[in-house]
Amino acid sequence: MATVEVEKKTTLSTMVQAVRSAMIDEMTLDPNVVTLGEDIGPRGGVFLVTEGLIDKFGKDRVIDTPLAELGIIGAAVGMAMFGLRPVAEIQFIDFLFPGFDMLVSEAAKMRYRSAGQFYCPMVVRSPYGGGVRGGGYHSQSPEAYFVATPGLKVVAPSNPYDAKGLLISSIRDDDPVVFMEPKKIYRFQKQEIPNGAYEVPLGKAAIAREGKHVSLITFGAMVQLALDAAEKLKPQGVDVEVLDLRTLQPYDCDAIMTTVAKTGHVVLLQEAPRIGGFMGEIAAYIAETGIEYLEGPIVRVGGWDTPFPYALEKAYMPNVERVTRAIKKTLNF
Amino acid sequence: MQIKPFTDTPIKYLEYDGRPSADVKELGLSTDDYLRMYRELVFARAVDDRCYILVRQGRSGFFAQIAGQEASQIGSALPLRAQDWMYGDHRSQGSLMIKGLKASEWFAHQLGRMLDPSQGRLMPHGPGRRDLNMPPPSSTVGNQITEAVGTAMAQHIKKSDGITICYFGDGATSEGDFHVGMNFAAVYNSPVILFCQNNQYAISVKLEEQTHTKTIAEKAKAYGMEGFLVDGNDLLAVYAVTKHCADKARAGRGPSLIESYTYRYGPHSSADDDTRYRPKGELEMWRTQRDPIMRFRNFLASQKLWDEKKEEALLVDVKAEVAKALAEAEASPVPEMMTVLDHTYAAYTPQLEWERKELAAELGV
Ligand SMILES: Cc1ncc(C[n+]2csc(CCOP(=O)(O)OP(=O)(O)O)c2C)c(N)n1
């Protein structure tokens with residue numbers, strides 16, 4: 001007996017499901033999209049992002065590789081130059097480093113060194129970030145290395161809707177993109193996301209919360225912490241604006257200046273250590289371009305300048321207390 | 001038995017049922033040695049089982065079981081001496097404990113307590129101890145291989161009488177680290193044993209999908225080194241082959257690759273679901289027909305050295321020792337929050353001094 005199903009336009013999804021849905025939609029639309037990585041075949045990836053993909057698209061397009069990040073990223077570079085759009089999965093971003101050379105020396109520089117003849121439309125997807133009891137090598141936020149490498153784009157979504165749209169934009173982009181997935185919130189929240197492909201543009205930030213007293217600028221898993229801190233300060237009459245950068249390279253200059261001009265106070269929040277960190281760049285940009293708007297110091301909040309700990313993760317990770325202290329520091333200047 | 005490289009089948013001293021298939025007397029082991037070896041096997045399994053429970057209780061965040069690989073780990077660590085260096089990986093606690101890591105320290109490591117020689121600074125897959133010449137394993141697969149070769153090069157340069165052993169899995173042989181390490185080891189004739197525990201899986205990836213050579217041992221040929229294939233579930237064979245390679249390294253006759261052919265019983269780690277990739281029946285076959293502990297027990301019985309009564313007494317004894325070790329670990333304090341900044345550099349930098357004040361304010365101490 002045939003049943004008639006009304007076609008739903010959206011699906012309630014976690015970030016893992018959203019990323020998977022982006023992969024399925026793009027692989028269905030574009031036969032040049034392939035994916036490669038460790039355990040991404042029958043195992044479905046250690047976070048199950050690629051679950052079911054090998055059955056749908058076969059072994060030629062869902063490539064379970066030997067344990068070698070050098071091979072994964074290097075092969076992706078070669079595939080991309082040939083005309084495919086590879087999406088490489090690195091199991092944890094902490095394990096990208098055996099393939100770092102291929103990313104920063106090859107993928108990032110291919111377009112420049114061939115005067116535009118060759119380029120690498122590839123994505124390196126990888127879970128990043130702390131708060132999961134992962135210790136020093138399953139928790140890091142190494143965005144600074146990538147952002148400091150001209151030729152690479154760097155993207156980090158903070159919710160399922162953006163994750164799908166940003167990943168599709170990244171796959172369609174003609175430059176190499178490091179796509180950092182905040183594993184702590186992989187399954188934290190469900191959102192209705194459109195079925196079928198849609199884009200969230202690269203290079204555009206989003207206001208996660210409107211406010212008028214202070215601009216809290218962040219990305220990825222820290223957006224949620226920023227929102228929590230904003231709620232905490234609300235009863236005290238402090239109205240926090242949260243800007244979710246979404247793309248770190250190229251970052252959204254206009255959105256940053258708009259919020260800075262509006263509030264005159266800036267707190268920058270990242271998980272990584274502060275010295276040489278990405279938010280130092282944002283601070284410099286604001287100081288160079290918008291000093292006239294500032295009514296207090298630009299304050300950075302981050303992890304401490306140590307390797308990522310295990311047992312003392314709580315003492316390390318930015319928390320509501322650390323963020324609210326920083327906000328008060330700039331407001332009470 | 002003459003120990004030869006590049007055999008087609010794994011070197012063994014014991015049949016699967018424990019009966020000797022070679023002359024075990026030539027190993028020069030006494031009855032006491034045999035009994036200690038057996039106790040170590042049983043003890044390692046008991047520690048493993050206990051850790052598994054800690055994870056299930058949510059008291060430990062991560063655990064990679066060694067169950068099934070006890071003979072491989074213990075047999076290869078026993079021929080080492082105090083002056084030798086040992087580089088473990090994420091699944092080598094059996095070897096670390098033979099080198100001298102206490103079970104209480106291992107449990108403290110699982111729980112992130114101060115008794116852990118790494119003081120809770122590392123995901124619990126193995127702490128280091130300087131006094132035992134045992135650096136803490138990295139999480140990054142393969143990183144230890146070139147380091148171990150470097151240590152062996154230094155041992156050679158300094159004319160130390162120590163050698164180095166380095167553990168890694170079959171998956172690690174796909175990383176560049178393995179190939180570079182093999183080459184350096186051979187070029188500098190370093191006193192190193194590169195010990196590959198081939199448990200046939202790297203998380204979900206079977207060996208056939210990892211590499212297209214039939215064995216890992218044969219890869220040594222291409223680097224001008226000897227490669228030995230040993231039955232990793234045969235304690236005496238692992239011991240004999242490792243001792244052979246250790247003697248060779250000590251005599252200045254260079255590095256060796258050992259492939260210890262074994263099987264892991266547990267999932268890759270506490271975060272894995274092995275039902276997604278393991279064929280039905282495979283695990284049962286290994287557990288019931290190839291178990292390294294059962295095999296050695298049957299050997300002891302065949303030599304009239306073991307019976308049910310001794311087994312019962314041993315289990316009681318081991319259970320008590322494990323409980324005592326865990327209790328010691330539990331009695332150890334968790335690290336102070338303020339210590340999170342310690343050990344980043346030899347001395348605090350001005351920036352870290354500043355952060356120390358910030359952290360103190362945040363914690364209200
Ligand atoms: C460089 C690197 N890539 C990926 C990982 C994730 N990972 C941890 S263990 C492992 C498999 C290791 O397999 P193998 O070397 O065979 O050792 P086994 O776990 O089987 O003992 C993987 C992929 C890692 N820790 N480091």
Side-chain angles (χ1 to χ4, degrees), chain A residues 38-48 51 59 63-72 74 91-92 94-99 101 132-139 273-275 301-319 321-326 329, chain B residues 60-62 111-114 116 118-125 138-143 169-178 202-205 209-211 268 271-274 276-277 334-345 349 351-352 354-356 358-359 361-364:
Chain A
E38 292 157 13
D39 303 287
I40 69 165
R43 178 69 180 75
V46 296
F47 290 100
L48 301 182
E51 189 175 34
K59 280 179 121 179
I63 305 164
D64 223 347
T65 68
L67 209 181
E69 295 71 17
L70 162 59
I72 295 168
Q91 208 160 75
F92 288 83
D94 317 67
F95 303 135
L96 182 144
F97 297 103
D101 187 30
V132 297
R133 293 173 89 188
Y137 302 89
H138 297 81
S139 308
R274 284 178 296 188
I275 297 177
V301 178
W304 307 118
D305 282 286
T306 70
F308 201 100
Y310 177 70
L312 295 180
E313 178 170 39
K314 266 216 170 80
Y316 177 90
M317 284 291 283
N319 51 39
E321 167 70 17
R322 206 175 295 170
V323 176
T324 54
R325 291 178 81 86
K329 183 170 167 182
Chain B
S60 168
F62 173 90
L111 298 171
R113 302 299 174 90
M114 285 303 282
D116 166 16
S118 285
Q119 300 182 352
R121 280 159 190 282
L122 174 70
M123 193 189 214
H125 53 49
S138 174
S139 298
T140 315
V141 164
N143 277 7
D170 41 293
T173 65
S174 291
E175 293 281 7
D177 308 65
F178 170 74
I203 308 188
S204 70
V205 179
E209 290 149 16
Q210 194 69 245
T211 182
H268 167 72
D272 183 31
D273 172 9
D274 55 334
R276 286 176 180 268
Y277 54 82
V334 296
E336 293 284 342
M337 296 282 243
M338 282 303 294
T339 63
V340 70
L341 306 176
D342 295 354
H343 302 299
T344 302
Y345 295 99
T349 59
Q351 288 78 10
L352 282 169
W354 178 42
E355 292 186 0
R356 176 144 68 179
E358 285 187 320
L359 177 58
E362 182 178 309
L363 297 171

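Letters A, B, ... are given to chains in the order of the sequence lines, protein chains preceding strands, and every chain is numbered from 1. Source: prediction; values computed, not measured.
Counting non-hydrogen atoms of other residues, nucleotides and ligands closer than 6.0 Å to OH of A:Y137 gives a total of 12 or fewer. Other residues, nucleotides and ligands place no more than 12 heavy atoms under 6.0 Å from the CD atom of B:E336.
In terms of heavy-atom pairs under 4.5 angstrom with chain B, the leader among A:P66, A:G71, A:G44, A:G41 is A:P66. Most heavy-atom pairs under 4.5 Å with chain A: of the set B:G120, B:G142, B:A202, this distinction falls to B:G120. Your options are B:V205, B:I203, B:D170, and the one with the most heavy-atom pairs under 4.5 Å with chain A is B:I203. Contact count against chain B (heavy-atom pairs under 4.5 Å) is highest for A:D305 among A:D64, A:D94, A:T306, A:D305. The choice from A:E38, A:E321, A:R274 that makes the most heavy-atom pairs within less than 4.5 Å of chain B is A:R274. Of the listed residues B:A172, B:G112, B:S174, B:S118, the one with more heavy-atom pairs under 4.5 angstrom with chain A than any other is B:S174. Top candidate by heavy-atom pairs under 4.5 Å with chain B, chosen from A:G134, A:G135, A:G136, A:S139, is A:G134.
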(request) Evaluate the criterion side chain to side chain contact (heavy atoms under 4.5 Å, CB included) for residue pair B:M123 and A:R133; output intermediate values, then yes/no. (result) CA-CA 8 Å; B:M123 193 189 214; A:R133 293 173 89 188; over 6 Å; no
(message) Would B:H268 and A:D39 count as a side chain to side chain contact (heavy atoms under 4.5 Å, CB included) here? Give the steps.
(response) CA-CA 12 Å; B:H268 167 72; A:D39 303 287; over 6 Å; no
(message) side chain to side chain contact (heavy atoms under 4.5 Å, CB included), that's the test. Do A:I275 and B:Q351 meet it? Break it down for me.
(response) CA-CA 9 Å; A:I275 297 177; B:Q351 288 78 10; 3.5 Å; yes
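Under the side-chain contact (heavy atoms from CB on, under 4.5 Å) criterion, B:V340 pairs with A:W304, A:P309, A:L312, A:A315, A:Y316, B:L359, sequence neighbours left out.
Atom-to-atom distance recorded for A:F92:CZ and B:S139:OG is 9.5 Å, nearest 0.5 angstrom.
Heavy-atom distances place both the backbone and the side chain of B:T339 under 4.5 Å from chain A. Heavy atoms of A:I40 lying under 4.5 Å from chain B are absent altogether. Only the backbone of B:A271 comes within contact range of chain A, with at least one heavy atom under 4.5 Å from a heavy atom of that chain. Only the side chain of B:L352 comes within contact range of chain A, with at least one heavy atom under 4.5 Å from a heavy atom of that chain. For B:D272, the parts lying under 4.5 angstrom from a heavy atom of chain A are both the backbone and the side chain.
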